[in-house]
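A short write-up of the structure that comes next.
The chains referred to below are lettered A, B, ... by the order of the sequence lines, with proteins before strands, and numbering in each begins at 1.
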Amino acid sequence: MSGPRYRFAPSPTGFFHVGGARTALWNWALANSQGGTFVLRIEDTDEARNRPEWTQGIIDALAWIGIHSDDPHFEGPYFQSHYAEQHVAAAQRLFEAGHAYYCDMTAADIEARNKAEGTQGYQGWSRDRGLGPGPGHVLRFKVPAGSTVVHDLVRGDVVFDNALIEDFVLLRGNGSPMFLLANVVDDMAMEISHVVRAEEHLPNTPKQQLIWQALGHEPPVWAHVPVLVNEARKKLSKRRDKVALEMYRDEGYLADAMSNYLMTLGWAPKGGVEIQPWQQMQADFRLEDVNHSSAFFDLKKLAAFNGEYIRALSPEEFLEACRPWLFAPDAPFPADRFDEQTFLAMAPVIQPRATTLAEAPGVVDFLFLESPLFTDDALAKASAAPSAIDVLRDTVAAFEALGEWSAETLKTAFEGVAAAHELKPGKAQTPVRVAVTGRTVGPPLFESLQFLGRDETLRRLRVLEGLIG
RNA sequence: GCCCCCAUCGUCUAGUGGCCUAGGACACCACCCUUUCAAGGUGGCGGCACGGGUUCGAAUCCCGUUGGGGGUGCCA
């Protein structure tokens with residue numbers, strides 16, 4: 001695969017973040033629409049915080065939203081930790097070429113010196129001391145005078161005064177490479193042409209660009225996209241906010257809904273229609289059109305997208321999508337009482353009532369339960385009307401007399417009962433609905449009764465009759 | 001503190017000097033449809049942060065103010 005090379009370089013320090021997912025999606029769209037490559041690099045060099053299981057989590061999460069490692073546009077995963085030798089070698093070259101120098105000052109030394117001189121940060125104190133490598137010696141980059149201009153596809157040119165960039169650390173006192181260096185060396189080795197990442201990296205960029213140049217290479221095309229924020233407009237954090245992609249997957253959000261929603265955070269498809277097939281968004285996405293300000297990750301809007309996607313499913317697709325919740329240990333009914341044909345037939349009335357797949361089984365639980373689960377509230381409402389007991393009794397009689405047992409005949413029969421009590425069917429329905437479903441709200445009543453069957457319907461009606469009579 | 005980024009309805013956005021009386025979506029409200037609840041339909045509420053310029057004309061360009069955010073590690 002020739003063409004531009006994009007990359008996504010997460011560090012496996014926890015569950016996969018929705019913000020990372022959006023960045024990955026944008027990189028993926030770009031690589032695909034331009035006949036380029038999406039390189040996945042796991043930046044696992046922070047030993048204290050990395051755990052191998054998180055890496056698989058990232059790969060699985062990417063696959064869930066459509067970024068599959070077996071796609072020809074996908075390359076990797078590479079592991080940064082495997083390239084430590086190259087990082088150190090690059091540092092060595094930088095040192096030999098005079099772009100870096102060793103320093104033996106500890107954090108405490110630096111603090112003391114700053115205090116004494118009334119300064120802040122690291123002031124290049126060891127630049128001319130001619131120190132060599134040694135235990136506890138860090139290698140620092142010698143930031144040149146002048147200024148650094150970062151050409152950014154979403155933000156335009158950003159100018160940094162080099163005098164304000166301190167001589168940052170390339171190699172730790174124990175000889176291990178730092179992120180800034182490793183990241184650049186890897187991008188160089190993997191021939192990355194475009195670095196599209198979150199805005200929090202923008203302050204790092206002049207430093208990285210300086211490393212690229214000192215190593216004799218042209219820097220890549222940069223693009224810093226806005227961060228995702230919470231209701232307090234703070235950057236989404238793993239601690240505070242619900243950001244794990246897998247959590248949304250487990251709650252029954254559809255991958256397509258999630259990726260569609262994520263795409264529209266900070267960018268909008270042409271034509272004013274937000275819900276778009278992936279192929280279309282992929283073709284339309286341009287970094288130049290990305291918004292400059294941070295975007296709020298809105299659960300309500302995500303839910304709305306999800307509802308739309310659920311409603312667009314065929315009954316068969318819906319059933320397949322619901323399976324994990326239908327047969328989960330905490331499903332609302334025992335697996336052996338579940339009936340696929342009934343669920344399939346009811347799907348069109350379940351879909352508009354479920355915001356997430358996880359909610360779907362609960363919409364029709366009464367069909368697969370031995371007896372409905374009454375809530376106190378429903379019971380109270382069922383018996384609230386003085387006519388409730390009579391309606392129940394008359395309904396039993398009317399249903400018993402029915403020849404054909406169908407939604408249509410049930411409806412007609414019940415309308416007769418309601419009319420006899422001078423009630424609107426909707427009003428009269430409450431005790432019947434509660435008797436059969438345990439709740440006051442739910443899917444259309446007569447369709448439900450059709451599937452519940454004559455015997456069970458009548459049994460439930462009589463049970464409630466006894467309960468409130 | 002210092003550096004950088006940003007600023008259109010509550011939220012996500014359209015808008016690249018006249019087509020803007022600022023459009024759409026989510027949320028909210030009302031009505032319609034209706035066997036409950038949803039879904040759907042119709043309508044409504046609601047915004048260019050502020051102050052200066054530039055221009056015949058500014059949401060759009062410039063400057064400042066204010067407000068938000070990000071970064072300031074021998075984390076990534």
Looking at the side chain of [X], which of [options] is the nearest nucleotide?
X        : options             : result
A/Glu447 : B/C6, B/C26, B/U35  : B/U35
A/Glu199 : B/U36, B/G73, B/G69 : B/G69
A/Arg155 : B/C5, B/U35, B/A7   : B/C5
A/Phe160 : B/C37, B/C74, B/C4  : B/C4
A/Pro203 : B/G73, B/G71, B/U36 : B/G71
A/Arg353 : B/A7, B/A38, B/G70  : B/A38
A/Lys235 : B/C3, B/G71, B/U35  : B/G71
A/Asp298 : B/U11, B/C37, B/C74 : B/U11
A/Asn291 : B/C12, B/C5, B/A14  : B/A14
A/Val138 : B/C74, B/U35, B/U11 : B/C74

Please measure how far the [atom1] atom in [N] lies from the corresponding atom in [M], and state the result in whole Å.
N     : M     : atom1 : value
B/U66 : B/A25 : C1'   : 30 Å
B/C45 : B/C28 : C1'   : 8 Å
B/C56 : B/G17 : C1'   : 12 Å
B/G52 : B/G10 : P     : 24 Å
B/U60 : B/G51 : P     : 13 Å
B/C9  : B/C5  : C1'   : 24 Å
B/G68 : B/U11 : P     : 14 Å
B/U13 : B/G70 : C1'   : 22 Å

Original post:
In whole angstroms, how far is the C1' atom of B/G73 from the CG atom of A/Asp109?
Top reply: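 The answer, rounded to whole Å, is 16 Å.
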Original post:
Just how far, in rounded Å, is C1' of B/G71 from NZ of A/Lys207?
Top reply: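 It is 8 Å, rounded to the nearest whole Å.
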Closer than 4.0 Å, any side-chain N/O of [X] to the OP1 or OP2 of [N]?
X        : N     : answer
A/Lys270 : B/G15 : yes
A/Arg233 : B/C12 : yes
A/Ser294 : B/G70 : no
A/Arg172 : B/A76 : yes

**OP:** Write out all pairs satisfying ring pair (Phe, Tyr, Trp, His ring centres under 6.0 Å) with one or both partners inside residues 166-186 of chain A, taking only residues at least two apart or from two chains.
**Re:**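 Only A/Phe141-A/Phe168, A/Phe179-A/His201 qualify under ring pair (Phe, Tyr, Trp, His ring centres under 6.0 Å).
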Original post:
What about A/Tyr6 and A/Phe38, are their ring centers closer than 6.0 Å?
Top reply: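 Ring centroids of A/Tyr6 and A/Phe38 are no less than 6.0 Å from each other.
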Original post:
When the ring centroid of A/Tyr78 is compared with that of A/Phe8, is the distance short of 6.0 Å?
Top reply: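 Between A/Tyr78 and A/Phe8, the centre distance exceeds or equals 6.0 Å.
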Subject >> Polar pair under 3.5 Å, donor/acceptor by atom type, side chain A/Glu274, base B/G24 >> reply: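 Pair found.
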Original post:
Would you say the base of B/A25 and the side-chain of A/Lys301 have a donor-acceptor pair closer than 3.5 Å?
Top reply: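 Yes.
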**OP:** Verify the neighbour count for atom NZ of A/Lys238: are there more than 12 heavy atoms of other residues, nucleotides or ligands below 6.0 Å?
**Re:**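 Yes, the 6.0 Å shell around NZ holds more than 12 heavy atoms from other groups.
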Original post:
A/Pro444 or A/Gln80: which one's nearest nucleotide on RNA chain B is closer to the 5' end?
Top reply: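 Counting from the 5' end, the first nearest nucleotide belongs to A/Pro444.
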Subject >> Flag, side chain of A/Asp161 to backbone of A/Ala163, donor-acceptor distance under 3.5 Å >> reply: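 Indeed, once roles are kept as given, a pair shorter than 3.5 Å links the two residues.
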Original post:
Between A/Asn260 and A/Gln276, is there a donor-acceptor pair closer than 3.5 Å when you use the side chain of the first and the backbone of the second?
Top reply: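 Present.
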Considering every strand shown, what is the Watson-Crick or G-U wobble mate of [N] when both distances are under 3.5 Å?
N     : result
B/G73 : none
B/A25 : B/U11
B/A30 : B/U42

**OP:** Encode nucleotides 40-49 of chain B as B, S and - characters from 5' to 3', where the letter depends on protein heavy atoms closer than 4.0 Å: B to the base, S only to sugar-phosphate, - to neither.
**Re:** S---------
**OP:** Applying side chain to side chain donor-acceptor pair (under 3.5 Å), run through A/Thr437 and A/Arg433 and close with a yes or a no.
**Re:** CA-CA 6 Å; A/Thr437 72; A/Arg433 179 177 286 284; 5.0 Å; no
Original post:
A/Phe318 pairs by ring pair (Phe, Tyr, Trp, His ring centres under 6.0 Å) with which of A/Phe343, A/Tyr309, A/Trp325?
Top reply: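 Exactly one option meets the ring pair (Phe, Tyr, Trp, His ring centres under 6.0 Å) with A/Phe318, and it is A/Phe343.
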**OP:** Please round to the nearest 0.5 Å and tell me the distance separating atom CZ of A/Arg127 and atom CG of A/Asp167.
**Re:**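 Answer rounded to 0.5 Å: 4.0 Å.
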Original post:
B/A76 base stacked by A/His201? Criteria: ring centres under 5.5 Å, plane angle under 30°.
Top reply: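 Here the ring of A/His201 and the base of B/A76 are stacked, with centres under 5.5 Å and planes under 30°.
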Subject >> side chain to side chain donor-acceptor pair (under 3.5 Å) between A/Asp44 and A/Ser81, worked out >> reply: CA-CA 6 Å; A/Asp44 56 347; A/Ser81 58; 2.7 Å; yes
